[in-house]
Amino acid sequence: MTQTTTPTSAPARAEWTGQFGFIISAIGSAVGLGNIWRFPGVAYENGGGAFLIPYIVALLTAGIPILFLDYAIGHRFRGSAPLALRRLAGKLGEGIGWFQVMICVFIAIYYTAVLAWASSYFVFSFDLKWGEDAAQYFTGEYLQLADAPFTLDFVPAVLVPLILMWIVALVVLGAGVVKGVQRLNMIAIPLLVAGFLVLVVRALFLPGAADGLNALFTPDFAALADPSVWVAAYSQIFFSLSVAFGIMMTYSSYRRRRSNMTAPGLVVAFGNSSFEILAGVGVFATLGFFAHQQGVAVADLEGLKGVGLAFMTFPAIATQMPGGEIFGALFFGALTLAGLTSMISIMEVILAGVMDKFGLTRKRAVYGIGGVLAVISVVLFGTSSGLTALDTIDNWANNIGIVASAVVMTITVLWIRRAGRELSGHLSVLSTFKVGRVWLFCVSVLGPVVLGYMLIVTVIDLVREPFSGYDGGYLLIVGWGSIALMIIGSVVLTLSPWRYNPDRFTPWPALPGAKTTRDPVPAPPSHAAPPAAPESEETAR
């Protein structure tokens with residue numbers, strides 16, 4: 001009888017081909033739908049040009065510091081969110097990591113629906129299929145939006161592109177980190193930037209464009225005295241950079257040992273913010289034209305952000321614009337590319353976690369786990385009730401789930417585990433831009449305080465007043481129920497046995513000059529198998 005033994009350590013991880021591959025993929029994750037349809041409206045509603053002051057402060061004191069924290073954990077402990085956090089903070093850390101994975105599960109199942117809408121409207125743009133009443137077309141003829149909170153009335157116009165987007169995403173993910181994820185970003189991000197630049201230049205030459213830019217950038221410095229403006233700035237930066245829910249931790253785990261971490265982080269952060277400002281210019285120049293055509297002020301327009309801006313206001317603008325077919329195609333093409341690269345990064349968090357925990361091959365994880373999520377997504381969002389569910393889950397996953405994850409993670413890692421000096425040392429010894437006490441203060445004190453305040457205010461608001469006027473029972477089941485399922489899923493996955501021994505690991509030794517406050521986990525005994533060679537793309541999980 002042959003006795004089988006369980007391997008003690010996981011196979012070697014896939015790696016980006018180099019620093020540029022990592023940067024372009026991280027930018028692809030950060031630049032998403034929110035950059036285009038959320039930032040311009042948030043800036044306009046919170047002081048216009050004056051909003052850039054709290055925005056930059058939030059970027060420097062919370063966005064970049066927490067981005068660096070994600071990089072440090074993923075790179076030093078060489079794992080997905082659950083694995084890296086377990087190696088740093090034990091089972092409590094693993095539970096936080098699985099909570100981040102569960103957040104990505106919920107985001108993935110609805111994010112693909114928006115991606116399907118954008119790709120549909122890209123096709124519709126060539127003949128302006130939405131006609132004269134874009135708002136009615138979107139909710140009526142296209143979505144066939146039902147009054148019931150949940151139906152199984154599938155809408156073919158949504159169902160078909162939704163299935164196609166899932167197929168595209170799974171094929172890209174199945175090809176691997178380099179041949180799939182990195183290659184997609186190498187193609188999509190230059191196309192996105194080039195196409196959006198053309199759109200912005202065209203918008204600047206429209207009648208009324210200057211009025212739109214004045215509406216966006218005229219500063220209202222009195223707004224800076226309002227705490228909600230600062231909360232909005234921290235919120236925008238936080239969600240825009242894809243921090244604290246596993247993405248940047250996972251992506252940094254694919255970097256080589258001797259990799260500069262902080263300089264690429266600055267490129268990603270400022271590249272993301274630059275695209276947001278570019279989006280603001282393009283969106284409000286276009287809105288200025290729309291207001292000019294209607295003979296009203298920009299302030300009198302409705303639908304200045306989110307789904308309303310993208311699928312109601314912009315189609316209506318394209319209808320009134322010379323060459324609106326090309327303008328619409330550029331806009332919805334940009335939305336599709338931005339959404340696809342972000343969707344891929346969200347799914348990578350889920351796949352990396354289950355591959356690390358259960359020893360699945362990449363293709364089994366992609367087509368098994370990904371296939372299940374695709375079916376759930378189609379059932380929930382391919383129907384006439386999809387918009388209501390999307391709106392609700394999106395609000396709870398982002399404003400409750402991600403913010404709570406960030407608060408708990410920073411407190412666990414920096415206050416309970418006291419790993420701040422270790423992580424700052426790891427970042428500094430590998431990077432040209434050093435971090436120290438200022439970074440530690442921002443990430444361990446300022447960040448948790450601001451984010452904790454955001455979380456408390458959000459919870460109070462959701463308890464006091466039903467979100468978007470939806471039924472309270474529906475919000476309890478779908479909204480708060482989503483958070484409950486995230487917590488239950490993270491507990492179950494944390495208690496599940498590992499296929500490999502996650503603790504059989506030695507953190508990369510500190511290079512000269514690094515400071516560390518922890519003892520490394522004992523290395524495998526001398527009779528254990530030698531470490532696996534760096535993984536090639538052909539053998540990537």
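Along the sequence shown, residues carry numbers from 1. Computed from a prediction, not measured in an experiment: that's the story for all the values here.
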If you count the non-hydrogen atoms of other residues, nucleotides and ligands that lie under 6.0 Å from CG in L159, is the total more than 12? yes

Determine whether a donor-acceptor pair (N or O, by modelled atom type, separation under 3.5 Å) exists between the side chain of N214 and the backbone of A210. yes

Does anything in residues 315-328 pair up under side-chain hydrogen bond (donor to acceptor under 3.5 Å, both in side chains), and if so which pairs, sequence neighbours excluded? W130-T319

How long is the gap from CG on N395 to CG on L390, to the nearest 0.5 Å? 11.0 Å

Contact summary for P227 and Y453, nearest pair of heavy atoms: CB-OH, 4.4 Å

With a 4.5 Å limit on heavy-atom distance, are the side chains of L387 and W117 in contact? yes

Between W166 and G370, which heavy-atom pair has the shortest distance, and what is it? CZ3-O, 4.0 Å

Quick one: are L224 and P54 in side-chain contact, heavy atoms under 4.5 Å? yes

For I402 and I107, what are the C-alpha separation, side-chain angles and deciding distance, and is it a side-chain contact (heavy atoms from CB on, under 4.5 Å)? CA-CA 11 Å; I402 296 178; I107 294 177; 4.1 Å; yes

Would you say the ring centers of F39 and Y55 fall short of 6.0 Å from each other? yes

Can you see which heavy atom on S377 is nearest to which on T112, and at what distance? OG-CB, 4.4 Å

Distance from L475 atom CG to E465 atom CD, nearest 0.5 Å? 11.0 Å

Got a second to check how far I66's CD1 is from T410's OG1, nearest 0.5 Å? 6.5 Å

Within the 4.5 Å heavy-atom criterion, are Q182 and T17 side-chain neighbours or not? yes

Any pair with a residue in residues 195-244 that passes ring-ring contact (aromatic ring centres under 6.0 Å, His included), sequence neighbours left out, goes on the list, sorted by first then second residue, please. F196-F275

Are F314 and W37 close enough that their ring centres sit under 6.0 Å apart? no

Exceeds 12 heavy-atom contacts within 6.0 angstrom, atom CG of D300: yes

Start with the C-alpha gap between E348 and Y254, add the side-chain angles, then the distance that decides, and say whether side-chain hydrogen bond (donor to acceptor under 3.5 Å, both in side chains) holds. CA-CA 11 Å; E348 187 63 29; Y254 298 141; 2.6 Å; yes

Show the numbers, then the answer: is there a side-chain contact (heavy atoms from CB on, under 4.5 Å) between L427 and F433? CA-CA 9 Å; L427 287 171; F433 179 81; over 6 Å; no

Strictly distance-based, threshold 3.5 Å: is any side-chain N or O of S25 a donor or acceptor partner for the main-chain N or O of F22? no

Side chains of S125 and L330, heavy atoms from C-beta outward: is any pair under 4.5 Å? no

OG1 of T388 to OH of Y470, rounded to nearest 0.5 Å, is 4.5 Å

Check: F245 main-chain N/O paired with S405 side-chain donor or acceptor under 3.5 Å: no

Decide yes or no on side-chain contact (heavy atoms from CB on, under 4.5 Å) for M165 and M343, but give the supporting numbers first. CA-CA 10 Å; M165 287 298 102; M343 170 63 184; over 6 Å; no

Ignoring hydrogens and angles, tell me if any N or O in the side chain of R255 forms a donor-acceptor pair with the backbone of N260 under 3.5 Å. yes

Check the pair S119 / L164 against side-chain contact (heavy atoms from CB on, under 4.5 Å), numbers first and verdict last. CA-CA 10 Å; S119 62; L164 289 176; over 6 Å; no

Gap separating the OG1 atom of T218 from the CG atom of D211, nearest 0.5 angstrom: 10.0 Å

Is any side-chain heavy atom of F99 closer than 4.5 Å to a side-chain heavy atom of I103? yes

Within the distance-only criterion (no hydrogens, no angle test), does the side chain of S431 pair as donor or acceptor with the backbone N or O of T262 below 3.5 angstrom? yes

Any chance you could measure Q236, atom CD, to E276, atom CD, to the nearest 0.5 Å? 4.5 Å

For the residue pair T341 and V31, establish whether any side-chain heavy-atom pair is separated by less than 4.5 Å. no

Test item: M312 and T139 side chains (from C-beta on) under 4.5 Å apart, heavy atoms: yes

Passing option when M347 is tested against V349, I344, I350 for side-chain contact (heavy atoms from CB on, under 4.5 Å): I350

Could you report the tightest heavy-atom contact between F332 and P315, atom names first, then the distance? CZ-CG, 3.8 Å

Test: ring-ring contact (aromatic ring centres under 6.0 Å, His included). Region: residues 282-304. Which pairs qualify, not counting sequence neighbours? Y44-F284

Checking the side chain of Q100 only, and the main-chain atoms of A244 only, is there a donor and an acceptor separated by less than 3.5 Å? yes

Would you name the heavy atoms of L455 and I400 that are closest together and state the gap between them? CD1-O, 3.9 Å

Heavy atoms only: give me the nearest V243-D70 pair and the separation to one decimal. CA-OD2, 3.6 Å

With a 6.0 Å cut-off on the ring centroids, do Y251 and W16 count as close? yes

Answer whether the closest heavy-atom distance between the side chains of P149 and D471 falls below 4.5 Å. no

Quick check against the 3.5 Å criterion: does S385 have a side-chain atom that pairs as donor or acceptor with the backbone of A148? no

